[in-house]
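Here the structure is laid out as structure tokens; the discussion comes afterwards.
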2 protein chains.
Amino acid sequence: MEKIFKALADRNRLRILKMLERRPLCVCEVTSVLEMAQPNASRHLGILREAGLIEDDKSGRWVNYSLSDQGDEMVSAILAYLKGWGNEDPLFKADRQKAATADRRRLCR
Amino acid sequence: MEKIFKALADRNRLRILKMLERRPLCVCEVTSVLEMAQPNASRHLGILREAGLIEDDKSGRWVNYSLSDQGDEMVSAILAYLKGWGNEDPLFKADRQKAATADRRRLCR
DNA sequence: CCTACATATGCATATATATAGATATACCGA
DNA sequence: TCGGTATATCTATATATATGCATATGTAGG
């Protein structure tokens, strides 16, 4: 439980969750949107995964991360409430815009 | 939102929330149960209050803290789910036991 | 007022967490 | 198998958070 809240208690990880609401993303897409170093993004994603907030789906050399849909009750409830929050935040909106237009074939090379 | 999760991302603060499920407590009672320094307990309570998770009710020289019952949706939902979690945890059980028998007139002198 | 007590705040320090940079691992295609 | 690419891990450092101690604030009662 503490692990779940620790995972949520970081602005960049909340940004990741908000952009995953739109669609699953691979590490390089998240890296691109957050404009941070790739190892850093990978680490944040790992923390969210360990907490059960997101799931990873490895396909080839990519790892697609998506919001968890079978976590425990607390996780499901929090993810649901998060969807109705922060949608007018300029930063989250910009992130989503970037995520929407991100193309991994352009980004990751 | 981030402030809420930061407040929840600490074992001692989760202990406080679990013991407040039973009944409101003053700072010295929380201090006694957690066996930590009084300023430390006061600080944790302040963080929980700032996050809207608990409310303070000053009566005389005591300040009674209780679970918030009019927070935003996320807070209410989390507090509700927390009530169904960890009730078999030995530490939480011991805390509740101590809180149940705590008497501020004996403790705070 | 003055004292005693409950609570809160300031400050220094220890500890945990985030970030940066280098490198390792895993996978695909030629 | 080799080279390129996506992802993960390691180490060091910066930054944030928790704790301990001293002290301030605020209140009740004499």
Side-chain angles (χ1 to χ4, degrees), chain A residues 1-17 19-20 24-51 53-66 91 99 102-109, chain B residues 1-17 20 24-51 53-66 99 102-109:
Chain A
M1 185 63 71
E2 197 181 333
K3 187 186 287 188
I4 295 173
F5 293 130
K6 277 188 195 297
L8 289 161
D10 181 274
R11 182 151 186 78
N12 284 327
R13 289 195 286 270
L14 285 177
R15 289 173 71 187
I16 292 175
L17 291 179
M19 65 178 92
L20 289 182
L25 296 168
C26 67
V27 180
C28 74
E29 289 170 320
V30 172
T31 300
S32 164
V33 173
L34 294 184
E35 296 180 41
M36 59 169 43
Q38 175 273 325
N40 201 358
S42 174
R43 196 160 166 63
H44 281 306
L45 287 164
I47 290 170
L48 289 169
R49 175 170 40 75
E50 282 295 310
L53 288 156
I54 64 177
E55 297 165 353
D56 60 336
D57 174 30
K58 301 186 209 303
S59 79
R61 52 188 156 175
W62 283 285
V63 179
N64 291 304
Y65 283 98
S66 53
L91 181 56
D103 178 359
R104 74 183 53 174
R105 277 158 300 189
R106 287 189 180 187
L107 286 172
C108 314
R109 58 180 178 181
Chain B
M1 185 62 70
E2 198 182 330
K3 187 185 287 187
I4 296 172
F5 293 131
K6 278 188 195 297
L8 291 160
D10 182 275
R11 181 153 187 77
N12 285 326
R13 289 195 288 270
L14 285 178
R15 288 173 71 186
I16 292 174
L17 291 179
L20 289 183
L25 297 169
C26 68
V27 181
C28 74
E29 289 169 321
V30 172
T31 300
S32 164
V33 174
L34 294 184
E35 295 180 42
M36 58 167 45
Q38 175 273 323
N40 200 0
S42 175
R43 239 182 255 286
H44 281 306
L45 287 163
I47 290 170
L48 289 169
R49 175 170 40 75
E50 282 294 310
L53 288 156
I54 64 177
E55 296 165 355
D56 59 336
D57 175 27
K58 301 186 211 301
S59 79
R61 51 189 157 177
W62 282 285
V63 180
N64 291 305
Y65 283 97
S66 54
D103 179 358
R104 73 183 55 176
R105 277 158 302 189
R106 286 189 181 185
L107 285 172
C108 314
R109 57 179 178 183

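Quick note: numbers below take in every heavy atom, side chains included, and nothing from hydrogens, waters or symmetry partners. Per chain, numbering begins at 1; letters A, B, ... match sequence-line order. Here the structure is a predicted model, which is why all the values come from computation and not from measurement.
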What nucleotide, of C:dA18, C:dA8, D:dT7, holds the atom closest to the side chain of B:Ser42?
-> C:dA8

Euclidean distance, atom CD1 of residue B:Ile47 to atom C1' of C:dT9 [Å, nearest integer] = 13 Å

Going by modelled atom types, is there a donor-acceptor pair between the base of C:dG10 and the side chain of B:Arg43 at under 3.5 Å?
-> yes

What's the closest nucleotide to the B:His44 side chain, out of D:dA18, C:dT19, D:dT7?
-> D:dA18

Closest non-hydrogen atom pair between A:Tyr65 and A:Ile54, with its separation = CD2-CD1, 3.5 Å

In short, B:Leu53 meets B:Ile4 closest at the heavy-atom pair CD1-O, 4.2 Å

Starting at CD of A:Gln38 and ending at C1' of C:dT25, how long is that distance when rounded to a whole Å?
-> 12 Å

Between D:dA18 (P) and B:Glu35 (CD): distance, integer Å | 20 Å

D:dT19, C:dT9, C:dA20: which one has an atom nearest the side-chain heavy atoms of B:Asn40?
-> D:dT19

B:Arg61, nearest nucleotide to its side chain (from C:dC5, D:dT7, C:dA20) = C:dC5

Kindly indicate whether the side chain of B:Ile16, heavy atoms from C-beta on, has any atom under 4.5 Å from the side chain of B:Asn12.
-> no

Once you round it to whole Å, what is the distance between P of D:dA18 and CG of B:Leu8?
-> 12 Å

Tell me: CD of B:Glu50 to C1' of D:dT17, nearest whole Å?
-> 16 Å

How close or far is atom P of D:dT5 from atom CH2 of A:Trp62, stated in whole angstroms?
-> 11 Å

What nucleotide among C:dG21, D:dC21, D:dT7 has an atom nearest to a side-chain atom of A:Pro39?
-> C:dG21

Taken to the nearest whole Å, CD1/A:Ile16 to P/C:dT19 is 10 Å

Between B:Lys6 (NZ) and D:dT15 (C1'), how many Å, whole number?
-> 11 Å

Would you call A:Leu17 and A:Leu8 a side-chain contact if the rule is heavy atoms closer than 4.5 Å?
-> yes

Proximal nucleotide (of D:dA18, C:dA8, D:dA8) relative to the B:Val27 side chain | C:dA8

Side-chain donor or acceptor of B:Thr31 paired with backbone N/O of B:Val27 under 3.5 Å | yes

Using the closest heavy atom to pick a nucleotide of DNA chain C for each, name whichever of B:Asp56 or A:Met36 lands nearer the 5' end.
-> B:Asp56

Taking for each residue the nucleotide of DNA chain C bearing the nearest heavy atom, is the 5' side occupied by A:Gly60 or by B:Leu45?
-> B:Leu45

Is A:Arg13 touching bases, backbone alone, or none of the nucleic acid, heavy atoms closer than 4.0 Å?
-> sugar-phosphate

